Number of protein chains: 2
Amino acid sequence: MAGAGHGARGRSGGRPTLEEVAARAGVGRGTVSRVINGSPRVSDATRAAVEAAVAELGYVPNTAARALAANRTNAIALVVPEPETRFFAEPYFSDMLRGVGAGLSDTEMQLLLTFAGSDRKRQRLAQYLAAHRVDGVLLVSVHADDPLPEMLDQLEIPAVISGPRSAGETLTSVDSDNYGGARSAVEHLMARGRRTIAHITGHLDVYGAQRRVDGYRDALRDAGREDDELLVAEGDFTEEGGRRAMARLLAHRPDLDAVFAASDVTAAGARQVLREAGRRIPDDVSLVGYDDSAIARHMDPPLTSVRQPIEEMGRAMIDLLLTEIADRRPAASRGLERRQAVLPTELVVRASS
Amino acid sequence: MAGAGHGARGRSGGRPTLEEVAARAGVGRGTVSRVINGSPRVSDATRAAVEAAVAELGYVPNTAARALAANRTNAIALVVPEPETRFFAEPYFSDMLRGVGAGLSDTEMQLLLTFAGSDRKRQRLAQYLAAHRVDGVLLVSVHADDPLPEMLDQLEIPAVISGPRSAGETLTSVDSDNYGGARSAVEHLMARGRRTIAHITGHLDVYGAQRRVDGYRDALRDAGREDDELLVAEGDFTEEGGRRAMARLLAHRPDLDAVFAASDVTAAGARQVLREAGRRIPDDVSLVGYDDSAIARHMDPPLTSVRQPIEEMGRAMIDLLLTEIADRRPAASRGLERRQAVLPTELVVRASS
DNA sequence: AGGTACTGTGGGAGCGCTCCCACAGGTGAT
DNA sequence: ATCACCTGTGGGAGCGCTCCCACAGTACCT
């Protein structure tokens with residue numbers, strides 16, 4: 001309330017304004033604003049006086065006023081275009097969120113968590129974006145046909161996507177080396193003396209899943225191995241998908257002696273089917289997963305897995321997004337300087353291979 | 001979608017304002033505001049006209065202006081007073097976040113995710129709160145000596161805590177029935193014919209962990225069983241803590257034939273030590289965990305566990321918080337009507353018991 | 001001397017809303 | 001006729017900032 005709460009102006013609870021700080025420091029409103037925002041055009045003496053006043057009064061800028069006047073929000077949204085369930089089922093997201101949080105902790109930016117799993121939520125999200133409630137958007141796990149990136153582009157809202165949708169992704173993107181990670185997994189299995197290496201893919205409308213297939217294929221081909229279609233079964237990153245794919249693989253190629261799964265969760269499903277079929281891990285069949293999640297460590301036997309530096313990816317996304325926001329230009333310079341970051345993966349060898 | 005389609009109106013990128021909608025509808029600014037905010041004091045005809053204008057122009061209220069004028073933010077913060085790492089290590093948080101997201105999806109409220117794991121982050125958090133950047137706060141996983149609740153109280157910011165800090169918690173709280181959950185676990189073990197039932201506790205400065213000990217004790221006592229101090233070992237919810245506690249229990253009471261652990265992760269640690277000691281699960285020792293997390297399902301053998309309705313707890317927290325925000329009063333009526341929600345638990349029986 | 005170009009500073013003019021007062025026009029009781 | 005008291009409406013007065021223009025002061029040229 002405007003005039004209501006003037007009684008409590010004493011210590012805590014009283015929220016000083018710029019004007020009050022200015023009065024206290026004996027300067028003008030503009031000068032305080034300059035100090036607060038780190039403008040260099042302030043003399044050292046004045047700056048010191050203002051900073052003292054700020055400290056004395058415990059001044060904290062009002063975000064809403066700032067956002068209104070400056071037409072920016074100091075907030076970014078992490079948009080998850082899936083139902084909440086999926087988001088948390090895969091540790092991938094948590095790790096990413098962690099990196100994002102870390103990257104943000106040095107800034108004034110606030111993180112908004114937004115789910116766009118249902119149509120209603122999409123609707124609302126569209127409104128938020130239209131209202132320019134955030135300065136930028138982080139997109140994770142976007143499927144190939146999602147209209148969201150298009151929309152962001154039209155609204156000219158800076159955005160960074162994790163996992164490009166295709167080789168020609170137009171948005172700034174951050175990715176891990178899916179291709180190289182898959183290669184290293186397959187090469188590891190070959191080095192272990194495995195002859196017949198199968199692959200359970202991820203959802204193939206996810207570009208990263210395709211790249212893993214490429215890495216798997218190329219690793220085999222470069223080693224002069226057979227590249228049998230029957231050794232590749234399509235999964236969808238889920239446990240159930242892993243089970244189904246594994247069952248198909250065993251039916252078609254009962255002689256397989258290694259499986260490279262596109263996620264740890266998928267590997268868990270595969271493991272179960274292998275067990276039920278009487279195959280021992282790693283004695284009869286080597287198993288390698290992807291993500292190096294907690295599940296990999298807790299599996300019996302512990303699962304060899306390809307670690308993605310997901311946390312660093314989160315950090316990288318923030319860095320790129322902040323850059324985009326900082327030099328937000330009249331959209332003229334777009335497309336020319338598409339930014340991209342690809343971070344390396346690492347094979348973590350455990351007992352399953 | 002909402003705003004994007006109507007692109008070519010007036011200045012490019014210029015979002016329509018209340019005033020423009022008013023002009024279009026042939027009414028005053030105040031009337032439009034009333035319609036937008038669902039005030040009943042508008043005639044049906046006027047309301048219809050305004051709504052038409054809003055639709056035509058693709059009007060979306062400016063959040064910052066609204067927040068500034070109304071002195072509220074339409075945002076709430078989920079504050080995690082721990083390092084990000086801990087937050088994501090336990091599925092507990094993810095589930096809760098899911099419930100919170102679900103509870104929020106029917107409202108205009110935005111969710112801010114805030115970590116307060118380091119001192120610097122605490123500092124910043126304090127600033128946010130002081131700046132009244134959010135209308136309310138959700139606190140999860142607060143330890144007994146945390147100053148945060150106190151601060152929120154002083155700032156008169158509505159807050160709901162998950163897991164009260166003590167029996168006399170002053171904040172509105174949501175909890176699951178820790179006592180009942182523990183009882184049902186122990187009663188289940190007794191029904192299975194187990195005679196010597198040990199308990200590995202959680203961090204005892206967490207009230208819920210204490211309540212589980214109470215439930216364990218009372219279940220035994222009510223059944224006329226011995227209540228041996230040597231059967232209770234203090235843990236801290238972690239795997240490593242579970243290992244250490246289990247080792248101690250085996251040393252003191254090698255005759256134990258059942259263990260009730262205060263978390264699944266703890267149970268995982270206990271399981272490892274039991275294995276190494278040559279005890280078979282469940283043949284020699286029954287094992288029951290708490291949380292019914294993914295780990296429980298993936299353990300070998302699958303772990304019997306007490307399920308908390310964490311997602312519903314998240315929902316409940318939101319409901320309570322929104323209520324508090326809605327009837328935010330001059331703090332006079334505080335303490336009198338302490339709200340509390342306690343949700344039931346459920347024992348999920350698997351092969352480990 | 002005046003001219004030019006800085007640096008540092010004060011403060012007016014909004015940003016787009018909500019709040020609230022004023023007031024028109026209707027109703028019913030006096 | 002007066003009064004009281006509704007309902008619905010318009011619009012002024014801010015909310016606390018940022019932006020930007022004006023301008024004093026200083027410095028270094030012609």
Side-chain angles (χ1 to χ4, degrees), chain A residues 1-6 9 14-50 53-54 57-75 108 127 130-133 135, chain B residues 3 10-11 13-50 53-54 57-74 108 127 130-133 135:
Chain A
M1 288 276 104
H6 271 269
R9 183 62 77 181
R15 282 186 273 150
T17 69
L18 248 204
E19 203 102 29
E20 286 165 28
V21 174
R24 175 78 163 222
V27 300
R29 189 165 25 78
T31 301
V32 177
S33 177
R34 254 163 256 141
V35 172
I36 298 291
N37 293 290
S39 159
R41 314 180 79 71
V42 180
S43 74
D44 288 348
T46 308
R47 181 184 310 279
V50 170
V54 165
L57 297 175
Y59 171 75
V60 180
N62 179 316
T63 346
R66 200 173 230 182
L68 178 59
N71 196 30
R72 62 181 156 66
T73 62
N74 273 331
E108 291 283 287
Q127 296 230 330
H132 284 254
R133 176 146 194 180
D135 292 336
Chain B
R11 289 123 191 78
R15 323 241 141 262
T17 67
L18 248 203
E19 202 103 29
E20 285 164 32
V21 174
R24 175 76 164 224
V27 299
R29 188 166 24 78
T31 302
V32 178
S33 177
R34 254 163 255 139
V35 172
I36 298 291
N37 293 291
S39 158
R41 314 180 78 72
V42 180
S43 72
D44 288 348
T46 309
R47 180 183 310 279
V50 170
V54 165
L57 297 176
Y59 170 75
V60 179
N62 179 317
T63 344
R66 199 173 232 182
L68 178 59
N71 196 28
R72 62 180 156 67
T73 63
N74 273 330
E108 291 282 289
Q127 296 230 327
H132 284 251
R133 176 145 194 181
D135 292 337

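Remember, predicted model here, so these are calculated numbers, not experimental data. Sequence lines set the chain letters: A, B, ... in the order given, protein chains first and strands last, and positions in each chain run from 1.
Comparing atom distances between the B:S33 side chain and each of D:dG16, C:dA13, C:dT18 picks out C:dT18 as nearest. Counting only heavy atoms from C-beta on, A:A65 has its side chain closest to D:dG16 among D:dT18, D:dG16, D:dG11. Out of C:dG16, C:dC19, D:dC17, the shortest distance to the side chain of A:A69 is found at D:dC17.
Separating the CG atom of B:L18 from the C1' atom of C:dT18 is a distance of 9 Å, rounded to the nearest angstrom. We find that CG of B:L68 is positioned 11 Å from P of C:dT18, with the value rounded to whole Å. The distance between atom CG of A:N62 and atom C1' of D:dG14, rounded to the nearest whole Å, is 14 Å. One interatomic measurement links the two molecules: CG of B:N37 to C1' of D:dG8, which rounds to 16 Å at whole-angstrom precision. Distance, B:R133 CZ to D:dC17 P: 13 Å, rounded to whole Å. Distance A:N74 CG to D:dG16 P: 18 Å, rounded to the nearest Å. Going from atom CD1 of B:I36 over to atom C1' of C:dC17 covers 11 Å, rounded to whole Å. In this structure, the CZ atom of B:R72 is 17 Å from the P atom of D:dC15, given to the nearest Å.
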Considering only nitrogen or oxygen atoms on both sides, find all protein atoms under 3.5 Å from nucleotides 4-9 of chain C and state each distance.
unit_1: C:dT7; atom_1: OP2; unit_2: A:R41; atom_2: NH2; d: 2.9
unit_1: C:dT9; atom_1: OP1; unit_2: A:S43; atom_2: OG; d: 3.0
unit_1: C:dT9; atom_1: OP1; unit_2: A:T46; atom_2: OG1; d: 2.1
unit_1: C:dT9; atom_1: OP2; unit_2: A:S43; atom_2: N; d: 2.9
unit_1: C:dT9; atom_1: OP2; unit_2: A:T46; atom_2: OG1; d: 3.4

All N/O pairs under 3.5 Å across the protein-nucleotides 24-28 of chain C interface:
none

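For the residue pair A:Y59 and A:I36, the shortest heavy atom distance occurs at CE2-CD1, 3.7 Å. The two atoms that bring B:S43 and B:T46 nearest to each other are OG-OG1, 2.7 Å, heavy atoms only. The two residues A:A25 and A:A49 have their closest heavy-atom pair at CB-O, 3.9 Å.
In the model, A:R66 has a side-chain atom that pairs as donor or acceptor with a side-chain atom of A:N37 under 3.5 Å.
B:R24 has its side chain out of reach of B:V21: every pair of non-hydrogen atoms, C-beta onward, lies at least 4.5 Å apart. Considering only heavy atoms from C-beta on, B:V60 stays 4.5 Å or farther from B:R15 through its side chain.
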| Yes or no on side-chain contact (heavy atoms from CB on, under 4.5 Å) for B:V27 and B:V50, after CA distance, side-chain angles and deciding distance? | CA-CA 8 Å; B:V27 299; B:V50 170; 3.9 Å; yes

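Taking 3.5 Å as the limit, the base of D:dG16 and the side chain of A:R15 contain no donor-acceptor pair of atoms between them.
Side-chain atoms of A:T73 come within 3.5 Å of backbone atoms of A:D135 as a donor-acceptor pair (strictly under, hydrogens ignored).
Among the heavy atoms of the strands lying under 4.0 Å from B:R66 are primed sugar atoms or P, OP1, OP2 only; no base atom is included.
In terms of the side-chain hydrogen bond (donor to acceptor under 3.5 Å, both in side chains) criterion, A:R47 has no residue partners (sequence neighbours excluded).
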